[in-house]
There are 2 protein chains.
Amino acid sequence: MSEQWASFSLDLHLAIDRRQGLRGGLERALREAVQRGQLSPGTRMPSSRALAQELGIARGTVSQVYEQLAAEGYLLARPRSGVRVAPQPGPASGPVLPPAPSFRAPFDGHDLRPGLPDLSLFPRGPWLAATRQVLQSTPHAAFGYGDPTGHADLRTALADYLGRARGVLTTPEHIIVCAGYNHALQILCQALSRVGSTIAFEDPALPDYPALAANAGLRVTRIPVDRDGLVVGELGDEVAAVTTPSHQFPLGVTLSPRRRIELLDWARRTGSVVLEDDYDGEFRYDRQPVGALQALAPDLVVYTGTVSKTIAPALRIGWIVAPTHLVPALRDVLRFDETHLNVIEQLVLASLIRGGELDRHLRRCRSRYRHRRDHLGRAVATHLPGARLSGIAAGLHAVLTLPGPAGAEPDLLAHLTAHGVAVDGLSTFHHDPRASPLGLVVGYATPPQHSYDSAVTALTEAIRTAPHQP
Amino acid sequence: MSEQWASFSLDLHLAIDRRQGLRGGLERALREAVQRGQLSPGTRMPSSRALAQELGIARGTVSQVYEQLAAEGYLLARPRSGVRVAPQPGPASGPVLPPAPSFRAPFDGHDLRPGLPDLSLFPRGPWLAATRQVLQSTPHAAFGYGDPTGHADLRTALADYLGRARGVLTTPEHIIVCAGYNHALQILCQALSRVGSTIAFEDPALPDYPALAANAGLRVTRIPVDRDGLVVGELGDEVAAVTTPSHQFPLGVTLSPRRRIELLDWARRTGSVVLEDDYDGEFRYDRQPVGALQALAPDLVVYTGTVSKTIAPALRIGWIVAPTHLVPALRDVLRFDETHLNVIEQLVLASLIRGGELDRHLRRCRSRYRHRRDHLGRAVATHLPGARLSGIAAGLHAVLTLPGPAGAEPDLLAHLTAHGVAVDGLSTFHHDPRASPLGLVVGYATPPQHSYDSAVTALTEAIRTAPHQP
C-alpha cells in the first residue's frame with residue numbers, strides 16, 4: 001500500500017483553492033472529497049510527510065488539517081494503522097440506477113440453452129503462456145494505433161487456419177478481424193447499405209441478427225429452410241443472403257450440394273453476395289466433411305467466423321473473409337470503425353494457431369462434445385420414443401421435435417423451468433412462431449461436465465411428465 | 001509438432017470423394033489441397049500410420065498415396081524428416097490486393113506527431129502479472145457472453161479511479177466500457193441521433209471526429225476556440241457540444257471557469273448535453289489541477305476517456321460516463337453493439353487500477369513527459385526566439401506558433417520531412433485551413449526516450465533553416 005500512496009497527490013484530484021490559504025484550501029478540498037465519495041470510507045490517507053512533500057507545503061500544515069478533519073468526523077487516526085477515511089452516514093452520492101441487464105441472465109438449474117461452448121474447457125494455461133511470449137517479444141511500436149483490418153500476424157495465421165481447417169480460399173489481405181459476429185454483421189450491413197437496400201435471413205434463425213440489420217437501415221426478408229437448407233428459389237433481389245450452410249441454426253440441416261450451386265447461381269445472376277455464417281463449422285462428428293461454401297466461389301461469398309464456439313464468447317474475436325470486390329467498401333467502413341481488438345489478444349490468438357494449440361484444443365472439445373451428443377441421443381431414444389432428435393451431425397446443439405400441438409410450447413417450457421431445466425423453444429427462432437412445430441433447441445455443450453448427465457436426465461424426465469406428452 | 005499432426009484429419013478439411021475409391025479419393029483430395037494452397041510448401045505431413053488411423057483406412061493405402069504424390073512432385077519424402085509438401089511453382093492462388101493502409105504509417109526519422117504516448121513505457125510486467133492472476137481466479141462463467149456495458153469489476157474500478165483522479169461523480173451503473181474514443185463517439189452519435197440532428201465540434205479539432213459524426217447521419221457545426229476555450233456564445237440548437245475542456249486539442253488552452261458555467265447554462269437551457277473528451281486529463285504538470293467538467297453537472301455532461309494516452313492505444317479500452325437520463329438510450333444502442341472487449345483485458349485493467357499499478361505507471365509517465373516538455377521549452381527559447389510554444393501546462397503535445405505567413409505551412413512541412421522530422425501542421429485541424437496561423441503540433445511523447453533529445457534538436461535546426469524563418 002505504501003507505494004500506492006506515494007503517488008497520492010498526483011492521482012487524487014484535489015482542487016485546492018489557495019485563496020483560502022494553504023491550510024484552509026487543503027482542509028476544504030479533503031472534506032469535499034470525502035463528502036462527494038471521491039475518498040471512500042476505509043481509504044488509507046498518505047502520511048502527512050508524503051502529502052506535504054507532494055504538495056510542496058509544510059508537514060505541520062498537513063498534520064493540522066488531518067487533526068481538524070478527524071475532529072469533524074471525516075478522518076480516523078489510529079496508532080500504527082495511520083489515518084483513514086471514516087465511515088460516512090447517509091445515502092450514496094450518485095443517482096440510483098438498476099444494473100444493466102446482462103446479455104443472458106444465468107439460470108439457476110440445468111442450463112441446456114444453445115449458444116455456449118463448455119466454458120470450463122477455456123485454455124487458461126496456453127493463453128497465459130502465449131501472453132507471456134507476446135509481451136516478451138512484441139516490439140514497442142505494436143502498442144500504437146494498428147492496422148484497422150487487424151494485426152497482420154493474426155490475419156496471416158487465420159488465412160492459414162481457415163484454409164486447412166475449413167477449406168476457405170483467401171489471403172491475409174481479404175481478412176478483417178472484428179469483435180465477434182455481431183460486429184461483423186454491423187460492418188457488413190454498413191458496407192452493403194451503400195449498394196442495396198434489402199437483405200435476406202433464414203427462417204428460422206437467431207432473431208437478433210435480422211433485428212440488427214433492420215436497425216442498420218436495411219429491409220429484411222425471411223427465406224424458409226427445408227431439409228436441404230435455405231430454399232433458394234424464394235430469394236429475390238436482395239443485396240445479400242445470410243445463411244448457415246454447414247449446420248443451419250437452429251435446425252441443424254446441411255445446405256445440399258444442389259442448393260449450394262443454386263445459391264451461387266442466384267448471387268452471380270443478381271450481383272448479390274452470400275454471407276456464410278460458419279458459426280460452428282469446426283465441430284463435425286461424422287466422417288463426411290462439410291467444407292466452407294466460400295471455397296466454391298470466393299468472389300461471391302463473404303465468409304464469417306468467430307472463436308465464440310471454439311474457445312469462448314468473452315474473447316470477442318471474429319473475422320470476415322471478403323471477396324476482392326467488397327474489400328474497398330469494407331475498408332472504407334473501417335475508417336470510422338477502427339480495430340476494436342486489443343493487440344495482445346490478437347497476437348495471442350495468432351500464436352495459439354501457429355503453435356498448434358488451437359488444433360489441440362479443438363480436438364479436446366470435439367471429443368467431449370461428441371460424447372455428450374451420443375449420450376443425449378441414447379437418452380432420447382430410450383426415454384422419449386415419440387421424440388425425434390435432429391441436427392446432430394455437427395455443432396453444439398440439437399433440435400428435439402416432440403409430438404403434440406405447436407401451441408403447447410409455452411406450457412412445456414414453463415413445466416421444464418419448474419423442473420429446473422432451461423432450453424430454448426423452437427418457435428423463438430421462427431419469424432412466425434405459429435409456423436413452428438413443437439420442439440426444443442438443446443445446447444448440449446452448455447452445462448459443466450460434472451452435471452451434464454444429470455442435466456440430460458432432468459430434461460428427459462421433465463418432458464416425460466409434461467402435460468400433452470406421451 | 002507430433003501432437004499437432006495427431007489431429008491432422010480433424011483440422012485439415014479433406015473432401016475425400018469415396019466414389020473414386022479410398023486411395024483415389026485421398027490422392028485427389030491431397031493433390032487439390034496442395035494446388036489450392038491449403039497445404040503450404042514445407043508443411044510436414046502426418047505419418048502414414050497417423051493419417052491412416054484418423055481416416056480409418058489401411059496404412060498401406062496412405063503410403064501408396066504419399067508415394068504417388070511424391071512422384072508427381074507434390075510431396076517430398078526425406079529420411080528422418082518425414083514427408084513434407086514440396087515447393088510449388090506458379091503464382092499464389094488468391095487474387096492480389098494491396099495490404100490495408102495502416103491507421104498511421106510509421107515515419108522513418110524523428111516522429112514528433114501528436115497522439116501517441118511513449119510506447120516503450122508499456123507496463124509489460126504488471127500486465128502479465130495481472131493476466132496470470134485473472135486467469136487463475138476468474139470463474140468459468142465469465143468466459144460466456146457478458147454484460148454489454150462492460151464487466152462490473154472494471155466499471156466499479158473505473159468509477160473509483162475517475163472519482164479520485166479526475167473528480168468525476170458517478171456510479172458503476174452510469175459507466176459504459178467501450179473500445180476507445182472512436183467507439184464511444186459511434187455509440188453516442190447513435191443514441192443522440194434519436195433525439196436531435198446536429199452536433200457541435202470545436203474548431204480546430206481532430207478532423208476524424210466530425211467526419212465520424214457526419215457519417216453517423218448527424219449534421220455537424222464547428223464552434224471556434226479562443227484563449228478561454230470553446231466560444232460558447234456561438235452554440236445554437238445542437239443536441240450536443242463536443243469539447244476538450246482540460247486541454248483543448250490541439251491548441252492546449254483550458255476552458256475558463258466562466259465559459260464552463262456558460263456552457264452548462266447553454267446545455268440546461270436548450271436540453272442539450274456536453275460531451276467532455278478528457279483525452280489527456282491525467283497529464284497535468286503544474287500545481288493547479290483542472291478537474292473534469294463533469295463534476296460540475298453530472299446530469300448535463302457525458303464524460304469520455306480512454307487508456308490510449310495513459311497506457312497504449314493498442315489496448316482499445318475507453319469509457320463513457322453518462323448522465324442518468326441518457327443511460328436507457330445508450331443501453332438500447334448496446335443491444336446491437338454488445339461489449340467489444342475481451343473479458344480478460346477488462347479484468348486485467350480492473351486489477352491494475354485496484355492494486356495501484358496504474359497510479360504508479362502514471363507517475364512514471366508524468367515524470368518523463370514533464371522532463372520532455374521542459375526540454376522542448378528550453379530548446380525553443382534558445383534556438384527559436386521568434387516562435388511561441390503554447391499548451392504546455394498539460395498533455396503530450398504542444399503548439400509551436402511561428403512567424404510567417406499561414407500559407408507557408410506545406411513548404412515548411414516538406415522541409416521538415418526532408419530533414420527527417422515529422423510533425424503535424426496546425427492547419428490540418430482547422431475546418432478552414434486558411435484560418436490557421438503558421439504553426440506546428442508537436443507530440444513530445446512520441447519518440448523513444450533514447451532519441452528524444454536529438455529529435456528536438458533536429459526539429460529546431462530544421463525550422464531555423466526553413467525558408468521564411470528568421
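Naming convention: chains lettered A, B, ... in sequence-line order (proteins, then strands); numbering from 1 in each chain. From a predicted model like this one, the values you see are computed outputs, not experimental measurements.
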- Reported CG-to-CZ distance for the pair Asn182(A) and Arg335(B), which is rounded to 0.5 angstrom: 10.5 Å

- Note on the structure: Answer key: most heavy-atom pairs under 4.5 Å with chain B among Ala179(A), Pro313(A), Ala142(A) is Pro313(A)

- Item | Contact summary for Ile175(B) and Ala159(B), nearest pair of heavy atoms | CD1-N, 3.6 Å

- Looking only at heavy atoms, which two atoms of Val348(A) and Ala130(A) are closest? And how far apart? CG1-CB, 3.8 Å

- Message: Please classify the contact between Pro139(B) and chain A as side chain, backbone, both or neither, with a heavy-atom cut-off of under 4.5 Å.
- Response: backbone

- Query: Does Arg363(B) come within less than 4.0 Å of Asp359(B), counting only side-chain N to carboxylate O?
  - Reply: no

- Item | chain A contact via Ala152(B) - which portion, at a heavy-atom distance below 4.5 Å | neither

- chain A contact via Ser308(B) - which portion, at a heavy-atom distance below 4.5 Å: side chain

- Task: With a 4.5 angstrom heavy-atom cut-off, could you sort out which part of Ile344(A) is near chain B: side chain, backbone, both or neither?
- Result: side chain

- With chain A, which of His151(B), Arg124(B), Glu357(B) has the greatest number of heavy-atom pairs at distances under 4.5 Å? Arg124(B)

- Contact winner vs chain B - Cys178(A), Ala312(A), Gly144(A), Pro448(A), heavy-atom pairs under 4.5 Å: Gly144(A)

- Task: Measure distances from Phe143(A) to the heavy atoms of chain B and classify the residue's part below 4.5 Å as side chain, backbone, both or neither.
- Result: both

- Checking Gln346(B) side chain against Gly150(B) main chain: does a donor-acceptor pair fall under 3.5 Å? no

- Item | Part of Leu162(B) within contact of chain A (heavy atom distance under 4.5 Å) | neither

- Not counting sequence neighbours, which residues clear side-chain hydrogen bond (donor to acceptor under 3.5 Å, both in side chains) with Asp111(B)? List them please. Arg113(B)

- Whatever's closer than 4.5 Å to a heavy atom in chain B on Ala216(A) counts as neither

- Checked Val134(A), Asp118(A), Leu212(A) vs chain B; the most non-hydrogen pairs under 4.5 Å come from Leu212(A)

- Item | Top of Asn342(B), Val327(B), Leu135(B), Thr149(B) for chain A proximity - count of heavy-atom pairs under 4.5 angstrom | Asn342(B)

- Query: For chain A, which of Ile176(B), Leu121(B), Asn215(B), Leu116(B) has the most heavy-atom pairs under 4.5 Å?
  - Reply: Asn215(B)

